[in-house]
Amino acid sequence: MGASDSKIVFKRGIFRLSEERNIPADDEYWTSFWELPESSEDVFSLFSPADIRRSRDQALENIETLILALTSRLFVLRHHPSFPDNELAPEREALNCVRVLTRILPYLYEKESLHQWEEQFFWGARKRRTRQGTIANEVLFDESKGDKDDTDGEKEHFEDAKPLAEELLDTMVDMLFFSEFTIPKQQPGRPKVTYAIWQSGVGCNTAVPTTKEFESNRCELLRLILALAGRGLYMSSPTLTQSGVRTLTHLCTNPDKQVVLSVLCSLLNTTLKYHPASWRVPYNSLVIRDTKQLLVTQSLHLLLAMLVYTVPEHVDVSSRKNYYRHFLGRLHRPQDFQFIVDGVSRILTQPLQDKTSYLPGTHTSINLSAEMLMLFWEMIQCNKRFRSFVIDTDRAHDFIVLTLFYAIEYKNDPAKQGIVRMCAFLLQTMSVEKNFGLHLNKKFVGQESLPPGIRINSFDGSYADFLVHSIYTLITTSQGGLTAIYPALLAIINNIAPYIENLGSSGSSQLMHLFVLMSSPSFLLANETNHTLLRPLLESINTIIEHKYKENAQLVVAIIKNKKPIENLRTFTLESGLEEIERRNRRRKDANGNGDADTTSRRTSVDSIESPRSPAVGQAHGLEDVSEDNAFAIGDDDDSDDEPQPTPAASTTSENQSQTSSTPNVDDSVPVQLRGMSEKARGKMPAGVRSFSRQNSTTSLGAYSVAGQSATGNFEPSTYWIESWLPELPLHTFLTVIQQVSSLLPRKAGQDMFSPENIHRIREMDLVGVEAAPIKVHSFEWSPLSLGWYESMLWGVVYASEMQIAKGTSGIWTGTGVKLFRIQETAATGPTLSSPRGAVDAVGSNIVSRLGQINLRGGAGGAGGSGGAGGSAGGNTSQASGN
């Protein structure tokens, strides 16, 4: 908008929207909404949340008329033979229609009482005027319904039309491929809408020429589609998975192959062509406002929203297929797979390079790591050929390292717990493949180049060693915050166990130390389900011994070193367990009384993995002799010995406190780890049944909950309860190894158990009485609750990214009543170049504008500071917590 007086005119028009009831549909007033604004910032800054809510609550009929006017004008422009023409069919008018719709839709979605109105208005049957009728009546826009009192002659001017939202979405998709608007001018005689893939890559070898203007227009259109798809933000997680989102259902069930493939490949290629290194601005974190990076971000978000979406069951069976997932699963060309792998790894590798840079900040770029991990996970789930390609070409090694980097990097960040969980499930998904386990035996070369967070000092092992070490680190250093994914982490070890060879002394000791921790009385008696973690760990170690005994002599030695806790577990009783806990408590108390600072300041690793305990064993902290190898007693020396805080149960919804009792616990919202299924059984599954089907599961989600409580909330262990699971623990292989191998290894004082002589003796020995059990695969399965968690996490990432892109009030969903996840308020950071304070404000703003001409305020000029979550000094910032 050029002059300030025209802004005033537009603002007065906005006030009129709420102050005057029933503004006539043919009033010239409506044209101001597409004629006056000149930028998205104008629309978002002048059309404030208070204005929209006031109009919605006081004059809903005007909102209806406004939407009809905007959509009708958009439809007219799309079909205009001269569009885009600055005189006859201006591009600016179409963009303004898109901007205003993007601005107001979230505020209609957030009001629950408007749900029925929304269904009828956007998705109900309607009639519209024919072209002849429009010309005859010279109306501004199409009516949603015909008048029942029309004469027969007038009725001839109306025809059945698609629901308003469907026509709007179809128009948006068409305009993504519109000549001279989002793609280059087409040759004479060709249709204006040409489904040409934007970028080279999958399905296309030649990129369509583009301009910054085309990319900006694509961004505006994608933003409106995301606003429509974001309807799910205003639903609870269970409602979202059960009812779905009409927008995504319409997009994903579109049977037009050409449209789906064009959109899919355009979004995918645009995303994977992203080169962070080529778009860096030294010491400038504001390059996010670059048009190309905006396009990459929004393309990736819409792509993921469609790929992750599961069409609800109540939709017609013939149209329940998600064609975007379907065609992504049909990719098969090696060059396409190579393109995808290169693109995903390029973006995921960038933060690792930033971590190892000597000049922090010089490599600043947008962080799409969470989204890229999702995209990679979707690919290996829905495309078996791609999964095999990644594993068989050893690119799986790169993704193992990348995935573990993000898991360990974010393990203690409450807002990133969802990403950590996804990393565990991604690794579990890959680990079901036999070749994945076999290829892990390759030596890990170049480990010293990794960031310090995942680097292992003096490491000289295989990828299997690295994976075991990283899983051990996640379990023992997360302070109980990752209890929900312990089953997944243990399932990974179980799946690779039959193929592990030459596991090093460190990895072997860590596996046995996990056994010591999980078999301690303080852990087993903490609640009624902790023993379900011990069993899969035992099975994993058994499997390694049974299938690769001679190749894993180091593990055999580690078992011998820990024979005491093994024998203690065999003879475990309730009485002995409680006595051990009490004995440890007395020693701790005595140590406190004697002022033994070193003892009182140290927590064992048991404390790191314990879940909330019952009052009966409230002060239990594990065995005194947790391990003979103190190198693995990982705990924070500064931690107190008080009872650890319970596992955070952050809900994925933003329900009020009074409603939290009806909200499912987040630990119940992660996928179930299934009982092992043998390879033979998997081979007999029907051909049409895929191991990674995203069909709803009826499996109980609480089966492996670590923090299980009784109905009263207080768990009381009993002898009967112990007898229900203790005899079933698979200790036979352990005890056999101890019996037969111990005689070969006479332990002398100061002798190294891992000496070459001992290892040689073990490899020469034949183990008698131990037979290899059938290989079991602990697979990953979706359920309604887990899918709800996943979609909540995705939209949390999209929401947070949008907040970062659109500072201040210009965010699509900023300040709206989101229900899908919790919005966590965090204190604003201090002065920075991007958010200068006080006397340096003008100077800082000038420097930044010269670097990138970036609008910091999200509004129309002025240094008055912006409202909303990205506001001025002393304010708060909002963070989506997608746990």
Side-chain angles (χ1 to χ4, degrees), residues 237-238 241 370 373-374 377 403-404 406-429 431 470-494 514 517-518 523 526-537 607-613 644-653 660 663-674 697 699-709 778-794 796 821-822 881-883:
S237 178
T241 55
L373 285 168
M374 291 184 199
W377 193 22
T403 305
L404 290 172
Y406 288 105
I408 294 174
E409 179 77 6
Y410 296 148
K411 63 184 171 65
N412 293 322
D413 186 345
K416 302 290 181 63
Q417 294 301 289
I419 299 175
V420 179
R421 292 173 179 178
M422 178 177 61
C423 289
F425 302 145
L426 191 160
L427 288 172
Q428 186 188 358
T429 303
S431 70
S470 300
I471 291 175
Y472 174 84
T473 300
L474 285 171
I475 292 177
T476 59
T477 64
S478 58
Q479 304 301 321
L482 300 178
T483 52
I485 61 168
Y486 287 172
L489 296 174
L490 295 176
I492 296 168
I493 298 176
N494 206 308
L514 283 179
L517 299 179
M518 291 184 177
F523 184 76
N527 62 52
E528 60 185 334
T529 56
N530 274 0
H531 66 88
T532 60
L533 295 172
L534 177 59
R535 183 182 180 92
L537 179 61
D607 299 331
S608 298
I609 68 171
E610 278 180 353
S611 56
R613 12 179 116 71
Q645 292 296 318
T647 303
S651 171
T652 54
T653 66
T660 54
T663 303
N665 187 296
V666 71
D667 289 347
D668 292 337
S669 301
V670 294
V672 179
Q673 314 310 320
L674 301 180
S697 169
T699 310
S700 169
L701 287 173
Y704 281 86
S705 173
V706 178
Q709 296 283 336
H778 288 244
S779 54
F780 177 94
E781 184 171 294
W782 289 99
S783 67
L785 284 181
S786 61
L787 185 58
W789 156 78
Y790 190 41
E791 290 187 330
S792 299
M793 187 186 72
L794 167 61
F821 46 77
R822 184 180 67 256
S881 180
N883 288 342

S.K.: Please name the pair of heavy atoms, one in Ser779 and one in Gln428, separated by the smallest distance, quoted to 0.1 Å.
M.R.: O-NE2, 3.3 Å

S.K.: Rounded to the nearest 0.5 Å, what's the gap from CG on Leu534 to CE on Met518? Could you check?
M.R.: 8.0 Å

S.K.: Taking all heavy atoms of Ser431 and all of Ile492, pick out the closest pair and write down the distance.
M.R.: OG-CA, 4.0 Å

S.K.: When rounded to the nearest 0.5 angstrom, what distance separates CD1 in Ile475 from CD1 in Ile493?
M.R.: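 With rounding to 0.5 Å, CD1 (Ile475) is 6.0 Å from CD1 (Ile493).
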
S.K.: What class does the angle between the rings of Trp377 and Tyr790 fall in, given that below 30° is parallel, 30 to 60° is tilted and above 60° is perpendicular?
M.R.: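 The arrangement is perpendicular - the two ring planes meet at more than 60°.
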
S.K.: Any sub-3.5 Å donor-acceptor pair from Ser237's side-chain atoms to Gly788's backbone N or O?
M.R.: yes

S.K.: Within a strict 4.5 Å, meaning less than it, do heavy atoms of the Met374 and Met793 side chains meet?
M.R.: yes

S.K.: Does some side-chain heavy atom of Leu427 sit less than 4.5 Å from a side-chain heavy atom of Leu404?
M.R.: yes

S.K.: Minimum heavy-atom separation for Ser478 and Asn412, please, with both atom names.
M.R.: CA-OD1, 4.0 Å

S.K.: Where does the angle between the aromatic ring planes of Phe780 and Phe425 fall among parallel (under 30°), tilted (30 to 60°) and perpendicular (over 60°)?
M.R.: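 The rings of Phe780 and Phe425 sit tilted, inter-plane angle from 30° to 60°.
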
S.K.: So Tyr406 and Tyr410, would you call those rings parallel, tilted or perpendicular, with 30° and 60° as cut-offs?
M.R.: tilted

S.K.: Checking Asn527 side chain against Asn530 main chain: does a donor-acceptor pair fall under 3.5 Å?
M.R.: yes

S.K.: Which is it for Ser783 and Ser786 under the side chain to side chain donor-acceptor pair (under 3.5 Å) test, yes or no, and what are the steps along the way?
M.R.: CA-CA 5 Å; Ser783 67; Ser786 61; 3.0 Å; yes

S.K.: Which heavy atom of Leu373 sits nearest a heavy atom of Ile419, and at what distance?
M.R.: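 Distance-wise, the nearest heavy atoms are CD1-CG2, 4.1 Å.
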
S.K.: From Thr473 OG1 over to Leu489 CG, what is the distance, rounded to the nearest 0.5 angstrom?
M.R.: 11.0 Å

S.K.: Kindly compute the distance separating CD1 (Ile408) from CD1 (Ile471), expressed to the nearest 0.5 Å.
M.R.: 10.0 Å

S.K.: Between Thr241 and Leu787, which heavy-atom pair has the shortest distance, and what is it?
M.R.: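 Looking at all heavy atoms of both residues, the closest pair is CG2-C, 3.9 Å.
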
S.K.: Measuring from atom OG1 of Thr532 to atom CG of Leu490, what distance do you get when rounded to the nearest 0.5 angstrom?
M.R.: 9.5 Å

S.K.: Restricting to non-hydrogen atoms, name the atom on Leu474 and the atom on Ala407 that form the minimum distance, rounded to 0.1 Å.
M.R.: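 Looking at all heavy atoms of both residues, the shortest contact is CD2-O, 3.7 Å.
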
S.K.: Tell me, do Leu482 and Gln417 make a side-chain contact under 4.5 Å, heavy atoms counted?
M.R.: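 Yes, side chains in contact.
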
